[in-house]
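As the structure is a prediction and not an experimental result, all values here were calculated from the model.
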Amino acid sequence: MIASLYKYWPDKQRHRQVWALAWPLMLSNITVPLLGLVDTAVIGHLPESHHLGAVAVGSMIFTVLYWAFGFLRMGTTGMTAQALGDNNGALNRQLLAQSIILATAIGLLILLFRTPIISLALSLMGAEPLVTTEAEKYSEIRILGAPAVLCNYALLGWFVGNQNTRIPLLILLVTNIINMLLDILAVYGLGMHADGVAAATVFSEYFALFLGLYLAKKHLKNVSSQLEIACLKRLSDYINLIAVNRYLFIRTLCILGSIAFFTAQGAKQGTDILSANAVLLNFLLLISNWLDGFAHATEALSGKYIGAKKLTTFYQSLVSALSWSVGTAALLSLAFWLAGDLIINLLTGIESVRIIAKAYLPWIIVLPLIGVWSFLLDGIFVGATQFKAMQNTMLFSVFIVFLPLWWLTQSYGNQGLWFSFLALFVARALSGGYVYWTNCKHKRWIN
């Protein structure tokens with residue numbers, strides 16, 4: 001037993017490898033909420049509040065819409081990492097080209113059906129008339145960036161799969177800075193409102209795409225073999241790609257549905273409860289942004305070593321990522337315990353919302369230690385292209401655990417809602433852990 005543990009214990013090289021991949025991804029993730037803060041700050045200083053409401057509503061619509069196609073990043077990462085480990089340069093090139101073509105096709109379909117998509121989304125949001133009118137203008141411009149956004153997902157996934165996380169960091173930093181500057185120019189220089197913020201975002205999305213394609217072209221000089229054009233014309237290849245990624249699509253819809261359900265149930269308990277839960281969900285965003293750095297590093301490393309059929313190195317990388325993930329989760333829990341009240345005070349100035357949010361803060365304090373396992377397991381499964389397992393564990397967690405527990409604990413109000421929400425993470429960890437243990441026991445990682 002001791003000899004086995006020693007065999008899989010990571011050395012300094014494995015720890016350096018995990019950190020080299022993780023830290024650029026952590027910084028990349030942090031730029032996303034920072035951009036949202038800048039959007040809010042720029043538009044939030046206009047005299048009419050409906051402009052800010054329109055940006056908030058519009059941003060939420062496109063966050064949900066684009067996140068639904070997150071499989072373009074995760075699927076590309078896992079398959080590319082395995083191609084890299086197998087030293088299959090032709091497949092590496094093929095995955096990049098096919099993923100971009102698939103992303104472009106989906107993006108164009110979104111543009112084709114943009115009118116019903118925007119109408120349905122705005123009707124579901126149920127905002128006030130002034131906000132809805134402004135949000136519609138925002139959305140009609142913002143949706144023009146759909147092909148660029150989805151292609152960027154594919155590019156970022158491909159770079160991570162190729163063990164290159166510094167290029168995604170560079171792309172996100174440069175484009176987000178450009179977006180922020182254009183926000184200021186559009187609103188204060190050109191006198192635009194929510195439409196100006198949308199236009200700035202679309203411009204930066206296409207800038208990111210062209211920058212990503214340029215950097216991908218440079219990276220391809222180090223990839224062996226050549227792209228076989230014939231494979232790009234075979235419809236069966238795209239059908240297979242969609243068939244594999246459908247599991248990730250269903251899984252993502254389950255996540256989005258769970259958060260939407262959580263928000264809706266909080267709203268039924270009153271505006272203050274809704275607002276307090278929204279404040280606390282910002283903590284979840286912070287948790288995921290930090291821990292996803294190690295999860296994404298795990299995607300790249302597990303895929304590479306599975307592709308290379310190096311099982312021992314695969315386990316060593318996982319142990320290293322696990323140790324850093326758990327350590328980071330513990331630090332986050334400690335930070336929320338010590339400074340949670342201060343963070344809540346910074347996020348809202350409404351005293352009634354502050355009081356309610358602080359009452360539910362203990363759920364947030366334990367969340368990093370509960371959620372870290374499911375984040376890391378997702379990273380393993382993405383690298384191993386175990387997408388069906390990711391779908392099934394999420395379906396189990398939502399429909400067998402989360403929703404039944406919510407129904408049983410309705411009498412406890414928001415406490416019951418938070419209990420069932422955290423139980424969702426526990427269920428993901430336990431069900432994912434069972435799949436991981438089964439794969440280890442039957443040696444299914446490497447075929």
Q: With sequence neighbours excluded, what pairs up with Q94 under the side chain to side chain donor-acceptor pair (under 3.5 Å) test?
A: Q98
Q: Between atom CG of L377 and atom CZ of F381, what is the distance when rounded to the nearest 0.5 Å?
A: 5.0 Å
Q: Roughly how far, to the nearest 0.5 Å, is the CG atom of L173 from the CD1 atom of I178?
A: 11.0 Å
Q: Pairs under 3.5 angstrom only: tabulate donor-acceptor contacts from the side chains of residues 148-160 to other protein residues two or more places apart or in another chain.
A:
unit_1: N152; atom_1: OD1; unit_2: L209; atom_2: N; d: 3.3
unit_1: N152; atom_1: ND2; unit_2: A148; atom_2: O; d: 3.1
unit_1: N152; atom_1: ND2; unit_2: E205; atom_2: O; d: 3.1
unit_1: W158; atom_1: NE1; unit_2: N92; atom_2: O; d: 3.2
unit_1: W158; atom_1: NE1; unit_2: N92; atom_2: OD1; d: 2.7

Q: To the nearest 0.5 Å, what is the distance between CD on E299 and OG1 on T76?
A: 11.0 Å
Q: With a cut-off of 6.0 Å (strictly less than), are more than 12 heavy atoms of other residues, nucleotides or ligands near OH of Y360?
A: yes
Q: Using distance alone, with no hydrogens and no angle criterion, decide if Q13 and R16 have a side-chain donor and acceptor under 3.5 Å apart.
A: no
Q: Looking only at non-hydrogen atoms, find the nearest pair between L65 and I110 and report the distance.
A: CD2-CG2, 4.2 Å
Q: Side chains of L367 and F283, heavy atoms from C-beta outward: is any pair under 4.5 Å?
A: no
Q: Would you indicate whether the side-chain heavy atoms of P24 and P168 approach each other to under 4.5 Å?
A: no
Q: Specify the closest pair of heavy atoms between L25 and G293, including all atoms of both residues, with the distance to one decimal.
A: CD1-O, 3.9 Å
Q: So which heavy atom on I287 is nearest to which on P368, and how close?
A: CD1-CG, 3.6 Å
Q: I'd like to know if the side chain of Q163 and the backbone of A300 have a donor-acceptor N/O pair within less than 3.5 Å.
A: yes
Q: Please check: side-chain N/O of R142 versus main-chain N/O of S139, any donor-acceptor pairing under 3.5 Å?
A: no
Q: Are side-chain N/O atoms of T409 and S420 paired as donor and acceptor at under 3.5 Å?
A: no
Q: Less than 6.0 angstrom separating the ring centers of F262 and W418, yes or no?
A: yes
Q: Within this structure, what is the CE-CZ distance for the pair M74 and F387, rounded to the nearest 0.5 Å?
A: 8.0 Å
Q: Which pair of non-hydrogen atoms, one from I306 and one from W445, has the smallest distance, and what is that distance?
A: CG2-O, 3.5 Å
Q: If only atom types and distance count, is the side chain of S320 paired as donor or acceptor with the main-chain N or O of Q316 below 3.5 Å?
A: no
Q: Which value, rounded to the nearest 0.5 Å, describes the distance between Y247 atom OH and L395 atom CG?
A: 11.5 Å
Q: Are there more than 12 heavy atoms of other residues, nucleotides or ligands under 6.0 Å from atom OH of Y206?
A: yes
Q: Could you tell me the separation between the CG atom of L120 and the CZ atom of F113, rounded to the nearest 0.5 Å?
A: 13.5 Å
Q: Give a yes or no on this: more than 12 heavy atoms of other residues, nucleotides or ligands lie within 6.0 Å of atom CH2 of W373.
A: no
Q: For S99 and L96, indicate whether the former's side chain and the latter's backbone hold a donor-acceptor pair under 3.5 Å.
A: no
Q: Shortest non-hydrogen contact from V372 to V326?
A: CG2-N, 4.1 Å
Q: List the atom of S317, the atom of V18, and the distance in Å for their closest heavy-atom pair.
A: O-CG2, 4.0 Å
Q: Does a side-chain heavy-atom distance below 4.5 Å link K309 with F314?
A: no
Q: Donor-acceptor pair, distance only, cut-off 3.5 Å: does the side chain of Q82 make one with the backbone of G383?
A: yes
Q: Donor-acceptor check, side chain of S333 to backbone of A330, threshold 3.5 angstrom: yes or no?
A: no
Q: May I have the list of side-chain donor-acceptor pairs in residues 250-260 shorter than 3.5 Å, sequence neighbours left out?
A:
unit_1: R251; atom_1: NH2; unit_2: D378; atom_2: OD2; d: 2.8
unit_1: T252; atom_1: OG1; unit_2: L248; atom_2: O; d: 2.8
unit_1: S258; atom_1: OG; unit_2: C254; atom_2: O; d: 2.8

Q: Mind running ring-ring contact (aromatic ring centres under 6.0 Å, His included) on F294 and W19 for me, showing each step along the way?
A: CA-CA 8 Å; F294 295 110; W19 264 106; 5.3 Å; yes
Q: Does V223 offer a backbone N or O that forms a donor-acceptor pair with the side chain of R93 under 3.5 Å?
A: yes
Q: Using the ring of each side chain (for Trp, its six-membered ring), is F425 parallel, tilted or perpendicular to F421, with breaks at 30° and 60°?
A: perpendicular
Q: Say whether, by atom type as modelled, one donor and one acceptor occur between the side chain of E140 and the main chain of K137 under 3.5 angstrom.
A: no
Q: Does some side-chain heavy atom of T77 sit less than 4.5 Å from a side-chain heavy atom of H296?
A: no
Q: Looking at side-chain heavy atoms only, is the closest gap between L281 and L284 below 4.5 Å?
A: yes
